[in-house]
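Just below is one structure, and these are the notes that go with it.
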Amino acid sequence: RESLDLVLIAQPFPVELARGDSAAWLQQSLAIWRSFLAEFVRSPVRLGRKIHIVLRGKPDGADMDSLLAAAVSGLVCSLAAEHAELAVLVLRGEVQQVLASFLPNVARPEASGEYWLREGRWERLTLKRASIEPQLPAPDLTGAVALITGGTGALAPTLGRWLEACGASDIVYVSRNAVSEDRVDAATGVRRSVVSCDVADEAAVQSLLQGLATAGRSVQVIVHAAGVLADTPFTKLDDTRLAQVLAPKILGAMHLQRHWDSMSLRMVLAISSLASVVGSPYQAAYSAANRALDSWALGLRATGLPVSVVNLGPVDVGMAKRLDATQQNRLQMSGLSLMDVDSVVTAATQAHAQGRCVVYLGRAVLGPTVGAAAAVGTGVLSTNPISILGALCEAMASLLGYSHDPEEYADQPLTQLGTDSLLVAELTAWINKTYRLRMSTDEIQALPSLREIAGHVSYQLSAIEQGGQV
């Protein structure tokens, strides 16, 4: 029934599981959530519904309930960014108290977002603006042995130079596909090693840390920068891709934690992403993995360990630098600019001092102009298919970097315009947000051209205007 709200409640972590099974439990549990949410998105009866997700655990905790809750929040954060037509609320707190808010005449949140029930009051989890403190002292790592995961990635050289500037005398760069190397810089005396190790493999991590300790190189500093991308629409995300993204990021962190010497640790810095806190379309797996990493880091810091996390926006090296032209154009439309890699050092210093730092470089941008589709001053959208076609062509031009002359490609098949499933999903989200409709990606993909899409949008708007059913 479309009038019913849907409430999902996370099961608690089964304490009888052996420690070695917790990573598998996290992966399997998150896969179940992914599968259900994907079916919810695909289902035509979702329209008119609101989905409430009740999660156990603390907003920032390293226990398994909190890690699962964080990962699910990351999934939902990306899902909401991709499907603006959905109403999804994540509710955190003591489960019985949260459920009591569903009783009649009891206030509870209504708008999409993530909420925490604290002392009987709902608080929405949001980012707060803070200023970067450029004069913060760098961590004192004099003589430390430091390990960098993702050691052959684009950020690693900058991170390594920062650690050396802080006094580290022995840097171990770890990567799953690395060619081993070990040398000492004659000028500085700093030892730099490159070691092949997959942090997703717990046995390999244990062997690495034990081997370094045996060689008199006990690791005191860890920068966890390993990670992979697997961008895809939410409904196309499968368990294999999800596991590929989770493995190096959060499972790698858990493996390091199990086998490091906590008494010797001087600093642990987790390199996370802006995608975990603001939601990024088509990056559900990446958002989930990084959100879990955030929770893990802040949870351990609360226990007194020197762990911190930095959430980086797109940087001008590495993953963001390898984007193709279409993906870079989408990034520009989002209002984000590529950060200079050296700014990572400032962010890392602030995170170490304060526990967390979320940093990105944004600017004001103009998205697709929709004036042709709107009656100025009335707030009523035009149902004229020609006006709608003009707005669609302009939106597509912004996504692809083409001109927006309707005569140029209004009747071309979408596949000939260079679209892929990600772009069709993005166009669908734009249509739903602009025209306040609830069309599905499959519905748009089934229409052969922008002109046909404009006609379909016009029909739906006309039906709504006349009080009919769409």
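Computed from a predicted structure; not experimentally measured.
Counted within 6.0 Å of CZ on Arg56, heavy atoms from surrounding residues, nucleotides or ligands total more than 12; the atom is thus considered enclosed. For CZ of Arg121, the number of neighbouring non-hydrogen atoms (other residues, nucleotides, ligands) closer than 6.0 Å is 12 at most.
Taking the side chain as every heavy atom from C-beta outward, Leu155 and Leu312 approach each other to under 4.5 Å. A 4.5 Å side-chain heavy-atom check between Asp63 and Lys58 finds at least one atom pair inside the cut-off. Side-chain contact between Gln460 and Glu443 is present, with heavy atoms from C-beta onward closer than 4.5 Å. The closest side-chain heavy-atom distance from Leu256 to Thr149 is below 4.5 Å. The shortest distance between side-chain heavy atoms of Leu251 and Gln27 falls below 4.5 Å. For the pair Met254 and Met64, the minimum side-chain heavy-atom distance is below 4.5 Å. With a 4.5 Å cut-off on side-chain heavy atoms, Asn290 and Asn311 do not count as touching. Looking at Leu99 and Ile9, their side chains come closer than 4.5 Å, going by heavy atoms from C-beta outward.
Side-chain atoms of Ser196 come within 3.5 Å of backbone atoms of Arg176 as a donor-acceptor pair (strictly under, hydrogens ignored). Within the 3.5 Å criterion, the main-chain N or O of Pro248 finds a donor-acceptor partner in the side chain of His224. A donor-acceptor pair is defined here as one N or O able to donate and one able to accept, closer than 3.5 Å; such a pair exists between the side chain of Asn432 and the backbone of Met439. Side-chain atoms of Glu114 do not come within 3.5 Å of backbone N or O of Ser73 as any donor-acceptor pair. With Ser295 contributing its side chain and Ala292 its backbone, the two residues share no donor-acceptor pair below 3.5 Å. Here the side chain of Ser449 pairs no donor or acceptor atom with the backbone of Gln412 at under 3.5 angstrom. Judged purely by atom type and a 3.5 angstrom limit, Ser458 has no side-chain atom pairing as donor or acceptor with the backbone of Ala454.
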Salt bridge (charged side-chain N to carboxylate O under 4.0 Å, His left out) evaluation trace for Asp294 with Arg356: CA-CA 9 Å; Asp294 298 346; Arg356 186 176 195 179; 3.0 Å; yes
Side chain to side chain contact (heavy atoms under 4.5 Å, CB included) assessment of Leu392 paired with Ile431: CA-CA 8 Å; Leu392 279 173; Ile431 291 171; 3.8 Å; yes
Audit row: Val174, Leu147, side chain to side chain contact (heavy atoms under 4.5 Å, CB included) steps and yes/no: CA-CA 7 Å; Val174 174; Leu147 183 146; 3.8 Å; yes
Test log, rule side chain to side chain contact (heavy atoms under 4.5 Å, CB included), inputs Leu305 and Trp260: CA-CA 12 Å; Leu305 288 174; Trp260 68 36; 4.3 Å; yes
Side chain to side chain contact (heavy atoms under 4.5 Å, CB included) evaluation trace for Leu117 with Glu94: CA-CA 8 Å; Leu117 184 60; Glu94 201 284 318; over 6 Å; no
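Atom-to-atom distance recorded for Ile148:CD1 and Trp162:CH2 is 9.5 Å, nearest 0.5 angstrom. To the nearest 0.5 Å, atoms CG (Leu450) and CD1 (Ile388) are separated by 12.5 Å. Here CD1 of Ile453 is found 5.0 Å from CD1 of Ile444. Values are rounded to the nearest 0.5 Å. Annotation: the span from Leu67 atom CG to Trp296 atom CH2 amounts to 9.5 Å, rounded to 0.5 Å. Annotation: the span from Glu82 atom CD to Thr232 atom OG1 amounts to 8.0 Å, rounded to 0.5 Å. For the atom pair Ser35 OG and Asp238 CG, the distance stands at 11.0 Å (nearest 0.5 Å).
Scanning both residues, Arg124 and Gly113, for their nearest heavy atoms gives NH2-CA, 3.7 Å. For Ala391 against Tyr435, the heavy-atom pair with the smallest separation is CB-OH, 3.5 Å. For the pair Ser276 and Arg291, the tightest heavy-atom approach, listed with the atom from each and the gap, is O-NE, 2.6 Å. When all heavy atoms of Trp122 and Ser101 are compared, the pair lying nearest together is CZ2-OG, 3.7 Å. Nearest heavy-atom pair across Ser287 and Ser78 is OG-CB, 3.9 Å. The heavy-atom pair separating Ala284 from Leu75 by the smallest distance is O-CD2, 3.7 Å.
Ion pair Arg301/Asp60 not flagged as a salt bridge, since none of the NZ, NE, NH1 or NH2 atoms sits closer than 4.0 Å to an Asp/Glu carboxylate oxygen.
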